[in-house]
Amino acid sequence: MQVMHDKIKLELADALRSALKHFDTEMETEEVYALLSVPPNVKMGHYAFPCFSLAKALRKAPPAIAADLQAALPALSEGLSSKLVGPYLNFVVNSQVLGQAIMQAILDGSYFASELTREVPKTMIEFSQPNTHKALHIGHLRNTFLGDALIKLYRYAGYEVVSSTFPGDVGTHVAKCLWYMENKNEEPVPESRRGIWLGEMYAKANSLLKEETGTEREEINRAELTEVLKQLEKGEGKYYELWKETRQWSIDGMKDAYNWAGVSFDQWYWESEVDSDSVKLAREYLAKGIFIESEGTVGVDLEDEGLGYCMLLKSDGNGNYAAKDIELARRKFADYEVEKNIYVVDKRQEHHFQQVFATLKRMGFEHADKCYHLKYDFVSTSEGMLASRKGNIQPVMDIIEAMEQHAKQEIVDHSTGDAWTEEELNRTGSIIAKGALKYGMLKYDPAKPIVFDMDEWMKWDGDSGPYLHYQYVRINSLCKRLAEEMQENVDWAVLKEDKEMEILLKLASFNQVAVNAAQQYRPNLMANYLFELCKLYSSFWSAHSVKDAATDELKTARLAMSQAVSTVLKKGLGLLAIPVPERM
RNA sequence: GGCCUUGUAGCUCAACUGGAUAGAGCACCUCACUACGGAUGAGGAGGUUUGGGGUUCGAAUCCCUACAAGGUCACCA
């Protein structure tokens, strides 16, 4: 449930509600609050109440209703007034009210501690399911950034969140990798980047197996792979020993990437750890008669729901991915007593999750409808689709490295002020690269595909991470320079320019954007908001001067407003897991 | 073939979930700099929101339909 956290909107909603009573129209304050929107232009007012929906009940034209409502409106507090604009009853707020009610709170930080929701479910968010023995590619980054931002947005919105991941450390891909490494590979194991090297082994295994399909080797290969899997399952033998060692190489590689991205998980659920329990669970429900046997496999018949047959145990008796996800869901709710369970997984898994959720329901699992699959579209490159089995991928750490190098070069070419130490340059270059990559991906709706083109993202023009970083740095630089002139008491009323008003209103909507972004699973709403805020401020910057404002009061107010923009930028980028540089 | 997603300026995307004149960024053309950091700003041009119906005061948004792109539909994970 959302809290009506905007005090100004709350007062307007209340006033409208009591005005509506004069026309025998009962509406909850919540309803009115939700109807209040933003006029397309500040000249029309700052808040809008559309009267169309009342026309039928009141048998009157919307403009007449707006006029009647205005007449029936109780007295508004100082600084608030109503304004009739056709079928809309709009409201105007002066900068003094916005400043006192919201800017002050942004500056002292209390705004960011507002209660935004109430009685919301404890939520688990599972994301970034990496595979060991496979390379981490740019596509995994989208998942990771999306999940990480979502967690930050949820927590900010007031949800208690448990973050988790479900890495694939068993299965045929692992077997193929180990098989190739043990029987075919002649290269020495490298000293570093072993996780990436394993990915290459996996890709080579795949192409060799494909090559030998249809030859006399096919049968032999299959038998050898079965042997690998058997050893892994039993937990003994040379392949099992090799698995333990190589698995760790991959994990080390993952952790490098997560450290770079600043991502951590409250819980790592390993596939290898749910494997045997998932088989037991499936057998148990087979015995109960809820699951069925079909052609030697065990599964659930979901034909009547249009979902086909959901296989859980293969004819060799081993569990497949669906079985593991069932067991995993059971554990999540049991281990953490969460009430909502979000999976950030690409859209290819849609059918899989529909089957899993439907199966949970058949099992009588009370939380089955509390599971949500956040499906997102893929990242491709100009070369086409990525696939680790094809080996046509660029390891993420290489991409990151290239972007950091580029960022550092740009800093050296463009920055002003003191010379840069090596340490500061490295740190800042890393921040800029994170911004470029994370913002570049998060600004898109999850449902839309992304084409990653390194050169295009390197241009650093327009709607990009570096643009936001630059705006932040520029404002900060100004605030620092004028820090001594910052006054305790700000007279917000002197901010009278349209551009100033637009900025104040934009700042005031930050919390609503954060809640929407969380509840709609769309971090791009926050990304777009921050970009719009920067555009507004930048336009103000070129039209008006802070330093050379006409009066000291105006200078102080503009400085305070600038400080508020900088604070919101930093906070908002933080919710996208993007750090900010001090200078660049 | 069934199901899911998507279709908006030349290109890449927005549009506060049904509201006021559909907005940004690239690219293109004009302007504005011995500046508060030009990694900028202002302006111009660019639209039958894939086509066709429907719902209503009102549709890019909801419904139907056709088309196009992508995904998916039992021993991969």
Side-chain angles (χ1 to χ4, degrees), chain A residues 35-41 44 48 50-53 55-56 61-62 85-88 90 129 131 134 168 170-174 271 294-299 306-316 318 320-322 324-325 346-352 354-355 375-378 380 385 389 410-411 413-417 432 443-445 447-451 453 456 459-464 466-467 469-471 473-479 481-482 509 512-513 516 520 524-525 527-529 531-532 535 538-549 555 558-559 562 583-584:
Chain A
L35 280 172
L36 283 170
S37 59
V38 183
N41 187 322
M44 297 176 179
C51 296
F52 305 100
S53 57
K56 192 169 280 178
V85 187
Y88 290 86
N90 288 353
Q129 304 80 353
N131 285 308
K134 265 189 191 179
V170 286
T172 42
H173 77 277
V174 176
E271 231 182 280
S294 169
E295 297 173 31
T297 71
V298 173
L307 293 173
Y309 176 67
C310 177
M311 185 189 296
L312 298 167
L313 301 184
K314 297 181 280 186
S315 50
D316 64 6
N318 287 319
N320 66 7
Y321 203 64
K324 288 172 192 153
D325 249 329
D346 78 58
K347 69 174 187 178
R348 271 175 298 203
Q349 310 301 334
E350 183 176 23
H351 186 247
H352 162 76
Q354 283 178 341
Q355 287 192 327
K375 49 183 188 288
Y376 62 90
D377 212 318
F378 321 115
S380 58
M385 284 304 292
R389 69 174 180 286
E410 292 287 329
I411 292 167
D413 291 348
H414 291 277
S415 82
T416 56
I432 305 298
K443 73 173 187 170
Y444 294 105
D445 188 310
K448 302 283 179 70
I450 296 178
V451 178
D453 180 339
E456 195 56 37
K459 280 187 177 172
W460 298 32
D461 273 1
D463 186 6
S464 70
Y467 171 82
H469 272 151
Y470 174 71
Q471 296 299 335
V473 164
R474 189 168 70 164
I475 298 168
N476 245 11
S477 168
L478 171 73
C479 291
R481 191 173 308 234
L482 300 181
S509 67
Q512 189 58 54
V513 172
N516 290 346
Q520 295 174 35
N524 60 307
L525 295 182
N528 296 342
Y529 166 87
F531 176 64
E532 284 161 12
K535 290 293 290 178
S538 210
S539 171
F540 158 79
W541 173 287
S542 61
H544 307 288
S545 175
V546 177
K547 193 185 74 176
D548 299 321
K555 186 175 177 176
R558 283 180 175 169
L559 190 56
S562 301
R583 61 181 186 132
M584 62 194 279

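Because the structure is a prediction, the values reported are computed rather than measured. Lettering of chains follows the sequences in order, A, B, ..., and the numbering in each one begins at 1.
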Legend entry - Residue Asn320(A), side-chain heavy atoms: nucleotide from rC75(B), rA77(B), rA39(B) that is nearest: rA77(B)
Legend entry - Test item: side-chain donor near acceptor, Asn528(A) and Glu532(A), under 3.5 Å: no
Legend entry - rA22(B) versus rU48(B) - spacing of their C1' atoms, nearest Å: 13 Å
Inset, instruction - May I ask you to say what Phe531(A) touches in the nucleic acid, namely base, sugar-phosphate or nothing, with a heavy-atom cut-off under 4.0 Å? - result: sugar-phosphate
Inset, instruction - Determine the Euclidean distance between corresponding C1' atoms of rU50(B) and rG58(B); express it in Å to zero decimal places. - result: 23 Å
Legend entry - Lys555(A) vs rC36(B): side-chain N/O to OP1/OP2 distance below 4.0 Å: no
Inset, instruction - Please determine if a side-chain N or O atom of Trp541(A) lies less than 4.0 Å away from the OP1 or OP2 oxygen of rG37(B). - result: no
Inset, instruction - Identify whether any heavy atom of Leu307(A) sits under 4.0 Å from a base atom; if not, whether one sits that close to sugar-phosphate; answer base, sugar-phosphate or nothing. - result: nothing
Inset, instruction - Go through the structure and list residues passing side chain to side chain donor-acceptor pair (under 3.5 Å) with Asp453(A), not counting sequence neighbours. - result: none
Legend entry - Check: Phe378(A) main-chain N/O paired with Asp346(A) side-chain donor or acceptor under 3.5 Å: no
Inset, instruction - For rC26(B), take OP1 and OP2 only and decide whether either is under 4.0 Å from a side-chain N or O of Lys443(A). - result: no
Legend entry - Shortest side-chain distance from Thr297(A), nucleotide among rA74(B), rC36(B), rC13(B): rA74(B)
Inset, instruction - Ignoring the backbone of Leu478(A), work out which of rA74(B), rC36(B), rA39(B) is nearest its side chain. - result: rC36(B)
Inset, instruction - Determine the contact category for Glu295(A): base if any of its heavy atoms lies under 4.0 Å from a base atom, sugar-phosphate if only primed atoms, P, OP1 or OP2 are that close, otherwise nothing. - result: base
Inset, instruction - Under 4.0 Å between any heavy atoms, over every strand shown, what does His173(A) touch: base, sugar-phosphate, or nothing? Just pick one. - result: nothing
Legend entry - Closest to side chain of Lys314(A), choosing from rC75(B), rA20(B), rC36(B): rC75(B)
Inset, instruction - In whole angstrom, give me the gap between the P atoms of rC29(B) and rU49(B). - result: 29 Å
Legend entry - Glu350(A): partners by salt bridge (charged side-chain N to carboxylate O under 4.0 Å, His left out), with sequence neighbours left out: Lys375(A)
Inset, instruction - Using modelled atom types only, decide if a donor and an acceptor are shared between the side chain of Ser509(A) and the backbone of Gln512(A) within a distance under 3.5 Å. - result: no
Inset, instruction - Give one of base, sugar-phosphate or nothing for Ser464(A), where a contact means two heavy atoms less than 4.0 Å apart. - result: nothing
Legend entry - Rounded distance in Å between the P positions of rU8(B) and rA69(B): 14 Å
Legend entry - P-based separation of rG2(B) from rA9(B) [nearest Å]: 29 Å
Inset, instruction - Give one of base, sugar-phosphate or nothing for Ser538(A), where a contact means two heavy atoms less than 4.0 Å apart. - result: sugar-phosphate
Legend entry - Side-chain N or O of Arg474(A) closer than 4.0 Å to phosphate OP1/OP2 of rG38(B): yes
Inset, instruction - Give a yes/no on whether any side-chain N or O of Thr172(A) is located under 4.0 angstrom from OP1 or OP2 of rC76(B). - result: no
Legend entry - By side chain to side chain donor-acceptor pair (under 3.5 Å) - contacts of Gln354(A) (at least two apart): none
Legend entry - P atoms of rG18(B) and rC62(B), separation to the nearest Å: 7 Å
Legend entry - Tyr321(A)-rC76(B) aromatic stacking (under 5.5 Å, under 30°): no
Inset, instruction - Examine rG38(B): is either OP1 or OP2 under 4.0 Å from a nitrogen or oxygen in the side chain of Ser542(A)? Give yes or no. - result: no
Legend entry - Distance test, side-chain N/O of His351(A) to OP1/OP2 of rC73(B), below 4.0 Å: no
Legend entry - Distance below 4.0 Å between Lys56(A) side-chain N/O and rC57(B) OP1 or OP2: yes
Inset, instruction - Say whether, by atom type as modelled, one donor and one acceptor occur between the side chain of Gln355(A) and the main chain of Leu307(A) under 3.5 angstrom. - result: yes
Inset, instruction - Looking at every strand, decide which applies to Ser539(A) at a 4.0 Å heavy-atom threshold: base, sugar-phosphate, or nothing. - result: sugar-phosphate
Inset, instruction - May I ask you to say what Asn41(A) touches in the nucleic acid, namely base, sugar-phosphate or nothing, with a heavy-atom cut-off under 4.0 Å? - result: nothing
Legend entry - Per Lys535(A) side chain, nearest of listed nucleotides rG25(B), rA77(B), rG37(B): rG25(B)
Legend entry - Contact under 4.0 Å: Tyr467(A) side-chain N or O vs rG41(B) OP1/OP2: yes
Legend entry - Touch class at under 4.0 angstrom, heavy-atom based, for Val85(A) against every strand present: base
Inset, instruction - Examine rG37(B): is either OP1 or OP2 under 4.0 Å from a nitrogen or oxygen in the side chain of Ser477(A)? Give yes or no. - result: yes
Inset, instruction - Spell out protein contact along nucleotides 5-11 of chain B as letters: B when the base is contacted, S when just the sugar-phosphate is, - when no protein heavy atom is under 4.0 Å; keep the 5' to 3' order. - result: -SS----
Inset, instruction - Only counting residues at least two apart or in another chain, list the ones meeting side chain to side chain donor-acceptor pair (under 3.5 Å) with His352(A). - result: Asp325(A)
Inset, instruction - Using the C1' atom as the reference point in each nucleotide, state the distance between rA45(B) and rU30(B) in Å, no decimals. - result: 11 Å
Legend entry - Nucleotide nearest Glu271(A) (side chain, heavy atoms from C-beta), chosen from rA77(B), rA74(B), rA39(B): rA77(B)
Legend entry - Residues in side chain to side chain donor-acceptor pair (under 3.5 Å) contact with Ser538(A), at least two apart in sequence or another chain: Gln471(A), Arg474(A)
Legend entry - Below 4.0 Å: OP1/OP2 of rC36(B) and any side-chain N or O of Lys547(A): yes
Legend entry - Nearest to side-chain heavy atoms of Phe378(A), which nucleotide of rA20(B), rC75(B), rG70(B): rG70(B)
Legend entry - salt bridge (charged side-chain N to carboxylate O under 4.0 Å, His left out) partners of Lys134(A), counting only residues at least two apart: none
Legend entry - Listed partners of Tyr444(A) passing ring pair (Phe, Tyr, Trp, His ring centres under 6.0 Å), at least two apart: none
Inset, instruction - Looking only at side-chain atoms of Arg583(A), point me to the closest of rA20(B), rA77(B), rG37(B). - result: rG37(B)
Legend entry - Which residue lies more 5' along RNA chain B, comparing Lys134(A) with Phe52(A) via nearest heavy atoms: Phe52(A)
Legend entry - Per Asn90(A) side chain, nearest of listed nucleotides rA77(B), rG41(B), rA20(B): rA20(B)
Inset, instruction - Would you indicate what Gln354(A) reaches in the nucleic acid, counting non-hydrogen atoms under 4.0 angstrom: base, sugar-phosphate, or nothing? - result: nothing
Inset, instruction - Report the nucleotide, chosen from rC75(B), rA20(B), rA77(B), that has the shortest atom-to-atom distance to any side-chain atom of Met44(A). - result: rA20(B)
Inset, instruction - For Ala48(A), report the nucleic acid contact type (base, sugar-phosphate, nothing); a contact means any heavy atom under 4.0 Å. - result: base
Inset, instruction - Could you pick out which residue, Val473(A) or Pro50(A), lies toward the 5' side of RNA chain B when each is mapped onto its nearest nucleotide? - result: Pro50(A)
Inset, instruction - Using a 4.5 Å cut-off on heavy atoms from C-beta on, say whether the side chain of Val546(A) contacts that of Phe540(A). - result: yes
Inset, instruction - Ignoring backbone atoms, establish whether Arg481(A) has a side-chain N or O less than 4.0 Å from OP1 or OP2 of rG37(B). - result: yes
Inset, instruction - Look only at the side chain of Ser539(A) and the backbone of Lys535(A), and say whether a donor-acceptor pair between them is shorter than 3.5 Å. - result: no
Inset, instruction - Counting Watson-Crick and G-U wobble pairs whose two distances are both under 3.5 Å, find the runs of 3 or more in a row that involve RNA chain B. - result: B:1-7 with B:67-73, B:10-13 with B:23-26, B:28-32 with B:40-44, B:50-54 with B:62-66
Inset, instruction - Would you check if the side chain of Asn320(A) reaches a backbone N or O of Met311(A) as a donor-acceptor pair within less than 3.5 Å? - result: yes
